[in-house]
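This is a predicted model, so every value here is computed, not measured. Numbers restart at 1 for each chain; the letters A, B, ... are given by sequence-line order, proteins then strands.
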Protein chains: 2
Amino acid sequence: MIRVVLAEDQALVLGALAALLDLESDISIIATAANGRQALDALTRQATEAPVDILITDIEMPELGGLDLAEMVRRDFPATRVVIVTTFGRAGYLRRALEAGVRGYLLKDTPADQLAAAVRRVAGGERVIAPELALNAWDGKNPLNQRQRDILSLAGEGLSNRAIGQKLHLAEGTVRNYLSEAIGELQAENRIEAYRLARQQGWL
Amino acid sequence: MIRVVLAEDQALVLGALAALLDLESDISIIATAANGRQALDALTRQATEAPVDILITDIEMPELGGLDLAEMVRRDFPATRVVIVTTFGRAGYLRRALEAGVRGYLLKDTPADQLAAAVRRVAGGERVIAPELALNAWDGKNPLNQRQRDILSLAGEGLSNRAIGQKLHLAEGTVRNYLSEAIGELQAENRIEAYRLARQQGWL
DNA sequence: GATCAAGGGTGACATTTGTCACTACTGCCG
DNA sequence: CGGCAGTAGTGACAAATGTCACCCTTGATC
């Protein structure tokens with residue numbers, strides 16, 4: 001019997017996924033969580049009894065996201081293997097997930113019957129990556145440095161150069177420079193396009 | 001037996017929801033669809049046999065979104081009642097949904113067991129609105145006209161005034177004017193903030 | 001100690017964006 | 001018919017944005 005914990009912030013989806021997996025006779029959902037924090041709690045509670053084999057988790061969740069969660073699980077519960085199930089095929093997310101030692105990475109638009117299959121394969125020691133992402137996982141890495149990322153994020157929220165400068169304690173001209181660099185590196189036409197591109201790639 | 005068609009673009013979620021509802025003995029999933037177009041096809045196919053009682057649909061889907069779909073269903077399949085299930089609690093979405101004659105509006109973070117309950121109630125003639133939205137459904141309506149919406153959308157994708165003008169066959173100055181109006185109406189500081197605000201409200 | 005890269009900054013400049021006032025052409029509505 | 005709201009456009013102007021060349025520290029690295 002494969003022991004599974006499920007983390008997903010949308011309760012309806014959480015419940016539905018649990019129902020889906022519970023149909024499988026060799027898989028048992030032993031806990032569900034609405035965020036990363038709750039997932040860690042569940043793993044801790046179970047630690048005294050039988051270990052949890054698989055943690056299935058979304059990425060974008062309140063409190064504690066799936067990527068940070070994966071790193072903590074690797075450190076504190078090395079026997080538990082993490083499978084990410086997310087909407088986002090962003091290259092940067094997959095990269096970070098792999099760096100966090102994740103054993104599976106599926107998109108929410110893979111067919112439903114493949115979830116149970118993926119769980120079994122990961123439980124058996126295999127690594128499962130959504131095929132549409134497997135190829136270009138390691139091309140282009142994040143071309144933006146920390147400053148550029150911070151500034152681009154704020155710009156994408158509608159702040160002016162002046163406002164960004166104040167928030168980050170930088171001169172307005174400096175903000176302009178970093179933004180200009182970022183726009184150039186991403187081959188965008190302006191800050192809005194640059195923000196969109198970076199976000200798409202998971203580089204924020 | 002309540003006859004249900006399900007539309008949702010994320011295959012995994014679609015499958016999971018289907019599994020969830022199929023556990024109910026009085027509900028039967030007779031078709032699933034990955035977008036609005038497919039949902040219409042399914043309704044058309046079923047029309048010759050018994051009618052479909054309930055169409056459950058997401059809003060943001062490729063090809064044909066849930067709100068447009070709802071309007072078409074009201075026109076072409078008046079016997080079928082529509083239930084929206086979406087991530088987004090945006091006021092504008094709910095408003096448009098209600099205007100389209102939708103009978104149910106649930107958020108994806110309502111507990112899973114309430115989905116079947118909502119289906120039964122809508123099938124019985126009731127109207128079911130997610131309680132956290134029911135109250136402020138009819139405050140503030142969309143202050144943007146069609147032109148302003150179109151232009152703001154394109155601006156939010158990073159297009160320049162010139163580019164927007166070309167796409168919409170308008171002079172650059174005209175684009176500037178509409179954008180300026182939109183920014184003013186939304187009390188934003190610039191196009192980016194205006195875009196964010198409008199999007200948040202479901203006014204796009 | 002010289003050199004060099006990174007991080008932060010300045011000033012000048014062209015372009016884009018945002019604001020406003022005012023014009024022109026519809027299509028209603030009284 | 002006159003008035004008026006909605007849609008499109010123009011011109012002028014101020015402010016914000018984007019680009020570039022160049023300066024100054026500070027810490028490596030040779």
Side-chain angles (χ1 to χ4, degrees), chain A residues 92 95-96 99 140-204, chain B residues 68 71 92 95-96 99 140-204:
Chain A
R95 167 186 305 272
R96 278 181 60 199
E99 282 165 0
K141 64 173 194 294
N142 196 334
L144 304 174
N145 63 32
Q146 189 58 46
R147 271 288 179 225
Q148 292 167 344
R149 280 199 295 277
D150 290 348
I151 289 176
L152 192 52
S153 294
L154 293 173
E157 282 167 26
L159 300 209
S160 67
N161 291 333
R162 188 193 321 284
I164 295 172
Q166 300 200 328
K167 201 163 232 176
L168 264 42
H169 308 292
L170 292 175
E172 185 182 337
T174 308
V175 172
R176 277 216 299 281
N177 283 339
Y178 281 115
L179 222 24
S180 183
E181 283 173 25
I183 292 168
E185 304 234 50
L186 299 174
Q187 305 193 74
E189 289 293 319
N190 54 50
R191 56 180 63 200
I192 308 180
E193 203 185 332
Y195 176 77
R196 297 219 138 203
L197 287 172
R199 196 123 216 308
Q200 226 172 44
Q201 298 295 318
W203 287 339
L204 273 189
Chain B
D68 294 331
E71 283 179 33
R95 167 184 306 271
R96 279 181 60 199
E99 281 165 0
K141 65 170 195 290
N142 194 336
L144 302 175
N145 64 31
Q146 190 58 50
R147 271 289 178 227
Q148 292 167 344
R149 281 199 295 277
D150 291 347
I151 289 176
L152 193 52
S153 294
L154 293 173
E157 284 167 24
L159 300 210
S160 67
N161 290 336
R162 190 196 317 289
I164 295 172
Q166 299 200 329
K167 201 163 231 176
L168 264 40
H169 307 293
L170 293 175
E172 185 181 337
T174 308
V175 173
R176 277 215 300 280
N177 283 340
Y178 281 116
L179 222 24
S180 182
E181 283 173 27
I183 292 168
E185 303 236 51
L186 299 174
Q187 306 192 78
E189 290 292 320
N190 53 51
R191 55 182 64 200
I192 307 180
E193 202 184 334
Y195 176 77
R196 297 219 139 202
L197 287 172
R199 196 125 215 310
Q200 224 171 44
Q201 297 295 320
W203 287 339
L204 273 189

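Look at CG on A:Leu168: it is 10 Å from P on C:dG9, rounded to the nearest Å. Rounded to whole Å, atom C1' of D:dC13 lies 15 Å from atom CD of B:Glu172. For the pair B:Arg176 CZ and C:dC22 C1', the interatomic distance rounds to 15 Å; values are reported in whole Å. In this structure, B:Ile192 atom CD1 and C:dG18 atom P are separated by 8 Å, rounded to whole Å. Atom-to-atom, CG of B:Leu179 to C1' of C:dC20 comes out at 15 Å; the value is rounded to the nearest Å. Following rounding to the nearest Å, B:Tyr195 (OH) and C:dG18 (C1') show an atom-to-atom distance of 20 Å. Taking atom CG on B:Leu154 and atom P on C:dT17, their separation rounds to 13 Å, with Å as the unit. D:dA8 atom C1' lies 16 Å from atom CD1 of B:Ile164, rounded to whole Å.
Atom-to-atom distance recorded for A:Leu152:CG and A:Ile164:CD1 is 8.5 Å, nearest 0.5 angstrom.
When all heavy atoms are compared, the tightest approach of A:Gly156 to B:Ile192 is O-CG2, 3.5 Å. Scanning both residues, B:Leu144 and B:Ala198, for their nearest heavy atoms gives CD1-CB, 4.1 Å.
With hydrogens and angles ignored, no donor-acceptor pair closer than 3.5 Å exists between the side chain of B:Asn190 and the base of C:dT16. A donor N or O paired with an acceptor N or O is not found under 3.5 Å between the base of C:dT15 and the side-chain atoms of B:Asn161.
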List the steps, then state whether side-chain hydrogen bond (donor to acceptor under 3.5 Å, both in side chains) holds for B:Asn161 with B:Arg191. CA-CA 11 Å; B:Asn161 290 336; B:Arg191 55 182 64 200; 2.7 Å; yes

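Proximity of B:Arg162 to the phosphate of C:dT16: a side-chain N or O atom is located under 4.0 Å from OP1 or OP2. For C:dG8, one of the phosphate oxygens OP1 or OP2 lies less than 4.0 angstrom from a side-chain nitrogen or oxygen of A:Tyr178. For C:dT16, the OP1/OP2 oxygens have no side-chain nitrogen or oxygen of B:Ser160 closer than 4.0 Å. Listed pair A:Arg191 / D:dT17 meets the phosphate criterion, a side-chain N or O lying under 4.0 Å from OP1 or OP2. The phosphate of C:dG9 has OP1 or OP2 within less than 4.0 Å of a side-chain N or O from A:Thr174. The shortest distance between the side-chain N/O atoms of A:Asn145 and the OP1/OP2 oxygens of C:dA6 is not below 4.0 Å.
Between B:Lys167 and B:Asp150 no salt bridge is recorded (no basic side-chain N to carboxylate O distance below 4.0 Å).
The side chain of B:Arg147 approaches D:dA8 more closely than any other nucleotide in the set D:dA8, C:dG18, C:dG8.
Residue-level contact check: B:Asn177 touches the bases, meaning some heavy atom is under 4.0 Å from a base atom.
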